[in-house]
There are 4 protein chains.
Amino acid sequence: MIITVASFKGGVGKTTTAIHLAAFLQGQAKTLLIDADPNRSALSWAQRGELPFPVVDEWQVDQLHNHYHHVVIDTQARPTQADLATLVSHCHLLVLPTTPDILALDALVLTVNHLQQLPAPQYQILLTAIPPHPSRAGDEVRSLLQSAHLPTFARGIRRYAAFQKAAQAGVPVYGIQDPKAEAAWQDYKAVGQEILTRLHP
Amino acid sequence: MIITVASFKGGVGKTTTAIHLAAFLQGQAKTLLIDADPNRSALSWAQRGELPFPVVDEWQVDQLHNHYHHVVIDTQARPTQADLATLVSHCHLLVLPTTPDILALDALVLTVNHLQQLPAPQYQILLTAIPPHPSRAGDEVRSLLQSAHLPTFARGIRRYAAFQKAAQAGVPVYGIQDPKAEAAWQDYKAVGQEILTRLHP
Amino acid sequence: MIITVASFKGGVGKTTTAIHLAAFLQGQAKTLLIDADPNRSALSWAQRGELPFPVVDEWQVDQLHNHYHHVVIDTQARPTQADLATLVSHCHLLVLPTTPDILALDALVLTVNHLQQLPAPQYQILLTAIPPHPSRAGDEVRSLLQSAHLPTFARGIRRYAAFQKAAQAGVPVYGIQDPKAEAAWQDYKAVGQEILTRLHP
Amino acid sequence: MIITVASFKGGVGKTTTAIHLAAFLQGQAKTLLIDADPNRSALSWAQRGELPFPVVDEWQVDQLHNHYHHVVIDTQARPTQADLATLVSHCHLLVLPTTPDILALDALVLTVNHLQQLPAPQYQILLTAIPPHPSRAGDEVRSLLQSAHLPTFARGIRRYAAFQKAAQAGVPVYGIQDPKAEAAWQDYKAVGQEILTRLHP
DNA sequence: TGAGTTAGAATGGCACCACCCGTC
DNA sequence: GACGGGTGGTGCCATTCTAACTCA
């Protein structure tokens, strides 16, 4: 199973999402994370600590990826139209993380417009960095997306300082000392479940 | 005076910074904002409401920019090394917004490394989206940057929902109804002052 | 029903206990609190704000107390042996608040020794200001008291800043703005229940 | 030098203060602690373990106290006006421990009112059982006392479980095994220093 | 090898702040 | 429109338990 994570805009938790989806899938079967983002964020995350799956850059892929059951790809931000077509055609699901704010939604709309010109694109939008109650930004954006009939994960990822600590420590969020680490990990586990039920009903 | 805003990573408040620095400079003299980001975030911000200065894309620049005293340029994310050289050589100050988190700092280091290979680059780092007390992420990252002798604005921009509302309303942050709108605007005004005293001591 | 609150040692929550037991009983029937402590703590508590029952000093009692169903008496600290005998013989239950520390227990032992020389004294010990987990001071002292066959309330009162705020505001603890106000009140409600089931089985 | 410790209200650390001031003074010269509190808390403290100075009750005083350079007296709680006059006139300094809460302050005000009717009373207020950060109860009460021009020790005594352990073990706080024992002892040492500089400038 | 010492995990109370939603 | 209640995230501290580590 190949999961690609992409977004037009940076800073929306693309790398965090790739890492934690890979961590979830690793719980099911051998998983590989390919860091195709020129910033090499996922690689430096892995370098600072230890992740339960290997992380490689896109040049090391050929000799490896048929040893793995699942592959998660962290792509560069702002893919071109052509890039998008390639991405979509080579994966089972394209995950589009976005924060619940106007600027990110703007960029999301551009991406989706491009996607919908492709034949039967498999993609799903993931709301990330959702601010805590009483902000309703998360709910508002979700219902907005749903009313636009855009495929969105039912579960979103809340904004927790635990994710920052995890990035700093170089581990998945469940590996750090934080009162909200468990809740943060549950969010990604729920999203991982949604992916599994979508692709293997 | 030409101010360029750039960053390797998206989602760090690049567009917000460009808009509010332009709003500040407009208070001194006629100012133009050039939106050179392919996402056209600044343009869509302007389109949703009204900004006190004109916003144009990079193709409309030639016939305009000598009518203006100040020009702020919102560049695309992830400029190449060559792009950076061009940006730096054509402006009086390069502003590098960054959020106080590891992933953004990673990208910042790449940018700065590139910059320091250029002759006498004029740039300054701006901390944005600083989480509220009791988080000390802002202070920690600032002292980290200072201990690395990187030029950093003394004032940072705090994370306020008011900025989201401003983006949605298409106005600068002082133009919206929000208890923290004033504080948010003060942050950018202080940064604008720092720029003025740096460039016109 | 007449409840007397007494202790050899001050600072163990005697006044707080008297006030909150009266507040609980007021929920059942008309209740009067008599402040017989020379420090007049209960009266000054009532004066700072508003309590749901009247508070009077011991000189105002005669003309009043037959209008009330329940009477709670806050006595002075360090009653003499003779005082104790009088107290016990004129109430249905003597409540002895004590904090879970050695110095308070010392004083408690003196009180209890005196009490046990009286015929069939009705009294029960209430643990107050119990420090939070992981301190086990509360549990340790409770089992110590039980192993000495001293009648002790099953529920203790935990140490919460909410009680201080309540004293300052002049209201019962449920009347203030504090995240732990509800838990604090539940403690006293449970103790009140224990009293009711003891006296009206 | 004769130091008397008194308070209208119990449970504010009167005995703990007397013991630790005596322990401090013992470091300067031979010191005697007179336990005049009917609860005999200091005596039972001494009995449970070993203190570096003798503790006697008020009946054993006559034949002893001229052998000692310093004498600390732990008085009973709630002295009458007459008691207070006697206490003040027979000591060099009256130390009034109080916890930073409204009920204790109430009692303190009564004491101070009585004191100020005496000629040139030498007394100083000591804040005890100060709750830890982030509570600011200690600071608030101290500035309140200072704004009322009441003589207050600059250093307060923080609330530490170490004091309970010390009482249980029958030793001064520095004699027990506890991570905060040293900090607790420093608090009293600082207060002792303040006394010395006040009385022997 | 055993005992004392220290380092870290876990827990809970607390204050602060940002945010939304009522009321006045 | 300002103000207060309510909610939730975050950091900090005190405390205890456990585990590792040192020293005799």
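Order of the sequence lines fixes the chain letters, A, B, ..., with proteins taken first and strands second; residue numbering starts at 1 for each chain.
- The number of heavy atoms from other shown groups lying within 6.0 Å of CD (C/E50) does not exceed 12.
- Donor-acceptor pairing under 3.5 Å is lacking for the side chains of B/Q164 and B/Q168.
- When rounded to the nearest whole Å, the span between CD1 of C/I176 and P of F/dG5 equals 12 Å.
- Ring pair A/F163/A/Y188 is perpendicular by interplanar angle, where above 60° counts as perpendicular and below 30° as parallel.
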* To do: Starting at the 5' end of nucleotides 14-24 of chain E, put B wherever the base has a protein heavy atom under 4.0 Å, S where only the sugar-phosphate does, and a dash everywhere else.
  => BSSSSBSS---
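- In this structure, the CD atom of A/E182 is 16 Å from the C1' atom of E/dA9, given to the nearest Å.
- The CD1 atom of C/I130 sits 12 Å away from the P atom of E/dG13 (whole-angstrom rounding).
- Separating the CD1 atom in A/I130 from the CD1 atom in A/I157 is a distance of 7.5 Å, to the nearest 0.5 Å.
- Ion pairing between a basic and an acidic side chain is recognised when a charged N comes within 4.0 Å of a carboxylate O; B/K9 and B/D101 show no such pairing.
- Using a 4.5 Å cut-off on side-chain heavy atoms (C-beta onward), B/L126 and B/V191 make contact.
- At a threshold of 4.5 Å between non-hydrogen side-chain atoms, the residues D/F153 and D/L127 do not count as touching.
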* Contact state string [nucleotides 19-24 of chain F, B base, S sugar-phosphate only, - no protein heavy atom under 4.0 Å] -> ------
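- Ion pairing between C/D187 and C/R159 fails under the 4.0 Å rule for side-chain N and carboxylate O.
- For E/dA10, one of the phosphate oxygens OP1 or OP2 lies less than 4.0 angstrom from a side-chain nitrogen or oxygen of A/Q177.
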